[in-house]
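The next block holds one structure in the form of structure tokens; read it before the comments.
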Amino acid sequence: MTWKQATGWTGRDDGPGPEHARWHNTIQTWTDGAEPGAVLLGFASDEGVRRNKGRVGARDGAQALRAALSSIALHEPIRLYDAGDIEVDGEDLEAGQDAFADVLAQLLREGHFTVGLGGGHEITFASYAGLARALGEDSGWSLGIVNIDAHFDLREAPLPSSGTGFAQIAKAQAAAGRPFRYAAVGISEAANTKVLFDRAAELGVEVLLDTECHWGNLPAVHEFIANFAGSVDHLYLTIDLDALPASVAPGVSAPAGFGVSLEVVREIVLAAARSGKLKHADIAELNPLFDIDQRTARTGARLLNDLILNRG
């Protein structure tokens, strides 16, 4: 595991002053004890994707997201920090997840709102572990996880991967005597076997299929998120970019043949952000090797920007 300081915050500069603010001239390097704000923490890993037999390249996703965020304009004052990247060395995914969790827990204890930049969706278990450490691993809190994703990621496998994160969380929560509260939004029937649907039912997973996540059904989608958020103490949102149509997000580990429209994904993100319960969010599966015109990176950056600015 390597903890590396982030670089690459450059972009269009129209002049000094808050009226010309963009991400690249607003964000600061995080230092221990910094005044609370929104902190980015990268997870440079695609070892979980490799283990899950996906196409690798997502370890460079965090840097691609930073590049796409850099020139986005900021219209209101906001305190932004970058805590750099936790890099997985070789095949040692587990050490990288543990290191990410340690840093994330420190940031949360300092009062920051945290955003993880993936990386493969193996970031999920790292994010959960960091939240658990910050909230108190022996405490009785409830955590609701909203996963915008085409896949359940409930696989049982000899080694952890990008497809096992929620199965690992379910086991960890059960071992701690806490409920496993998981809402999977954008699930594709074509991408998940009956075994996975049965497993989700056994675990009490709340599900919205991709075919249900459309503009005409938006009131029901909003109600789904509001009811779920209202039933837990804390909320964690994870965005897997492969939930979006391949035409919008071609640069992912597993492109979607159908997907949920960007407009509806954004509404789900905003509903979670405005719930008053959101402690942490992350974004996963951006694979720059397969992106077209930074299409996926720009989409992910816009979702992150809107999430951070609208967190209530």
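Computed from a predicted model, the values in this text were never measured in an experiment.
Surrounding CD of Glu19 are more than 12 heavy atoms belonging to other residues, nucleotides or ligands, all under 6.0 Å away. Residue Arg155 places its CZ atom among 12 or fewer non-hydrogen atoms of other residues, nucleotides or ligands, all under 6.0 Å distant. Taking a 6.0 Å sphere around CZ of Arg109, one finds it holds more than 12 heavy atoms contributed by other residues, nucleotides or ligands. For CD of Glu223, the number of neighbouring non-hydrogen atoms (other residues, nucleotides, ligands) closer than 6.0 Å is 12 at most. Glu76 CD: 12 or fewer foreign heavy atoms inside a 6.0 Å radius.
Considering every non-hydrogen atom in both Ala101 and Ala126, the closest pair reads CB-O, 3.6 Å. Summarising the geometry of Thr299 relative to Leu262, their closest heavy-atom pair is CG2-CD1, 3.6 Å, with the distance given to 0.1 Å. For Leu104 against Leu41, the heavy-atom pair with the smallest separation is N-CD2, 4.0 Å. The minimum heavy-atom distance between Ala83 and Leu107, with the atom names listed, is CB-CD1, 4.3 Å. For the residue pair Asn287 and Ser253, the shortest heavy atom distance occurs at CB-N, 4.3 Å. Nearest heavy atom pair, residue Ser45 against residue Val88, reads CB-CG2, 3.5 Å.
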For Arg50 and Glu91, run side-chain contact (heavy atoms from CB on, under 4.5 Å): C-alpha distance rounded to whole Å, both residues' side-chain angles, the deciding distance at 0.1 Å, then the answer. CA-CA 9 Å; Arg50 187 194 67 79; Glu91 298 181 4; 3.7 Å; yes
Under the criterion side chain to side chain donor-acceptor pair (under 3.5 Å), I'd like the reasoning laid out for His24 against Asp13: C-alpha separation, chi angles, the key distance, then a yes or no. CA-CA 9 Å; His24 75 87; Asp13 190 345; 5.6 Å; no
Evaluate the side-chain contact (heavy atoms from CB on, under 4.5 Å) criterion for residues Ile148 and Asp240: first the C-alpha distance (whole Å), next the side-chain angles of each, then the deciding distance (0.1 Å), finally the verdict. CA-CA 6 Å; Ile148 304 174; Asp240 188 326; over 6 Å; no
Would Ser162 and Glu285 satisfy side-chain contact (heavy atoms from CB on, under 4.5 Å), going step by step from the backbone distance to the final call? CA-CA 9 Å; Ser162 62; Glu285 301 289 359; 3.9 Å; yes
Could you go through Thr238 and His121, starting from their C-alpha distance and side-chain angles, then the distance that decides it, and tell me whether this counts as side chain to side chain donor-acceptor pair (under 3.5 Å)? CA-CA 9 Å; Thr238 181; His121 217 175; 2.8 Å; yes
Derivation of the side-chain contact (heavy atoms from CB on, under 4.5 Å) call for Asp82 and Gln28: CA-CA 6 Å; Asp82 192 339; Gln28 306 171 58; over 6 Å; no
Does Glu202 form a salt bridge (charged side-chain N to carboxylate O under 4.0 Å, His left out) with Arg199? I'd like the steps, not just the answer. CA-CA 5 Å; Glu202 289 169 12; Arg199 180 64 175 148; 3.5 Å; yes
Determine whether Asp153 and Thr164 satisfy the following criterion, side chain to side chain donor-acceptor pair (under 3.5 Å), listing intermediate values before the conclusion. CA-CA 5 Å; Asp153 291 346; Thr164 65; over 6 Å; no
As a quick check of understanding, evaluate salt bridge (charged side-chain N to carboxylate O under 4.0 Å, His left out) for Asp291 and Arg298, giving each step before the final call. CA-CA 10 Å; Asp291 210 358; Arg298 290 178 186 274; over 6 Å; no
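With hydrogens and angles disregarded, a donor-acceptor distance shorter than 3.5 Å links the side chain of Asp46 to the backbone of Gly57. Without hydrogens or angle criteria, Arg178 side chain to Glu137 main chain gives a donor-acceptor distance under 3.5 Å. Using a distance-only test at 3.5 Å, with no hydrogens or angles considered, no donor-acceptor pair links the side chain of Ser139 to the main chain of Trp141. Judged by distance alone, with hydrogens and angles left aside, the side-chain atoms of Asp242 form no donor-acceptor pair with the main-chain N or O of Ala256 at under 3.5 Å. A donor-acceptor contact shorter than 3.5 Å is absent between the side chain of Thr26 and the backbone of Trp23. Side-chain atoms of Ser142 come within 3.5 Å of backbone N or O of Asp233 as a donor-acceptor pair. Side chain of Ser71 to main chain of Arg12: a donor-acceptor pair is present (N/O by atom type, distance under 3.5 Å, no hydrogens or angles). Put simply, the side chain of Asn25 never gets that close to the backbone of Ala21: no donor and acceptor are under 3.5 Å apart. With hydrogens and angles ignored, the 3.5 Å screen pairs no side-chain donor or acceptor of Arg311 with any backbone N or O of Asp306. The backbone N or O of Ser188 lies less than 3.5 Å from a partner atom in the side chain of Asn192, making a donor-acceptor pair.
We find the CG-CG distance between Leu135 and Asp138 to be 12.5 Å, quoted to the nearest 0.5 Å. Between the CD atom in Gln97 and the CG atom in Asp102 there is a gap of 12.5 Å [rounded to 0.5 Å]. Taken from CD in Glu47 to CG in Leu159, the straight-line distance is 8.5 Å, to the nearest 0.5 Å. Atom-to-atom distance recorded for Leu154:CG and Asp198:CG is 11.5 Å, nearest 0.5 angstrom. For the atom pair NZ of Lys279 and NE2 of His234, the computed distance is 5.5 Å after rounding to the nearest 0.5 Å. Once rounded to the nearest 0.5 Å, the distance linking NZ of Lys277 with CG of Leu235 reads 8.0 Å.
Put simply, the residue from Ile145, Ile169, Leu143, Thr114 that forms a side chain to side chain contact (heavy atoms under 4.5 Å, CB included) with Leu131 is Leu143. Each of Ile72, Asp282, Ile283 was checked for a side chain to side chain contact (heavy atoms under 4.5 Å, CB included) with Leu304, and the lone residue meeting it is Ile283.
Taking the six-membered ring for Trp and thresholds of 30 and 60 degrees, Tyr182 and Phe166 have nearly parallel ring planes, at less than 30 degrees apart. Taking the six-membered ring for Trp and thresholds of 30 and 60 degrees, Phe197 and Phe152 have ring planes more than 60 degrees apart, a perpendicular arrangement.
Leu218 has its side chain within reach of Glu267: a pair of non-hydrogen atoms, C-beta onward, lies under 4.5 Å apart. Side chains of Leu69 and Arg66 form no contact here, defined as non-hydrogen atoms less than 4.5 Å apart. By the 4.5 Å heavy-atom criterion applied to side chains, Leu244 and Val265 are counted as neighbours.
If you chain together hydrophobic residues whose side chains sit under 4.5 Å apart, Leu278 and Val221 fall into the same group. Ile123 and Leu40 sit in two unconnected hydrophobic clusters of ILVMFWY residues. Membership requires side-chain heavy atoms under 4.5 Å apart, directly or through other members. The hydrophobic cluster containing Val248 does not contain Ile187, counting ILVMFWY residues as joined when their side-chain heavy atoms lie under 4.5 angstrom apart, directly or transitively. Cluster annotation: Phe100 is connected to Leu108 through the hydrophobic network of ILVMFWY side chains, with a link wherever side-chain heavy atoms come within less than 4.5 Å. Note on Ile239: it does not cluster hydrophobically with Phe258, by side-chain heavy-atom contacts below 4.5 Å among ILVMFWY residues.
Side chains of Glu110 and Trp30: a donor on one and an acceptor on the other come within 3.5 Å. With hydrogens and angles left out, the side-chain atoms of Gln173 and Tyr128 include a donor and acceptor closer than 3.5 Å. Of the N and O atoms on the side chains of Asn227 and Glu206, not one donor lies less than 3.5 Å from an acceptor on the other residue.
Ring centers of His280 and Phe113: at least 6.0 Å apart, outside the cut-off.
A salt bridge links Glu94 to Arg51: at least one charged side-chain nitrogen sits closer than 4.0 Å to a carboxylate oxygen.
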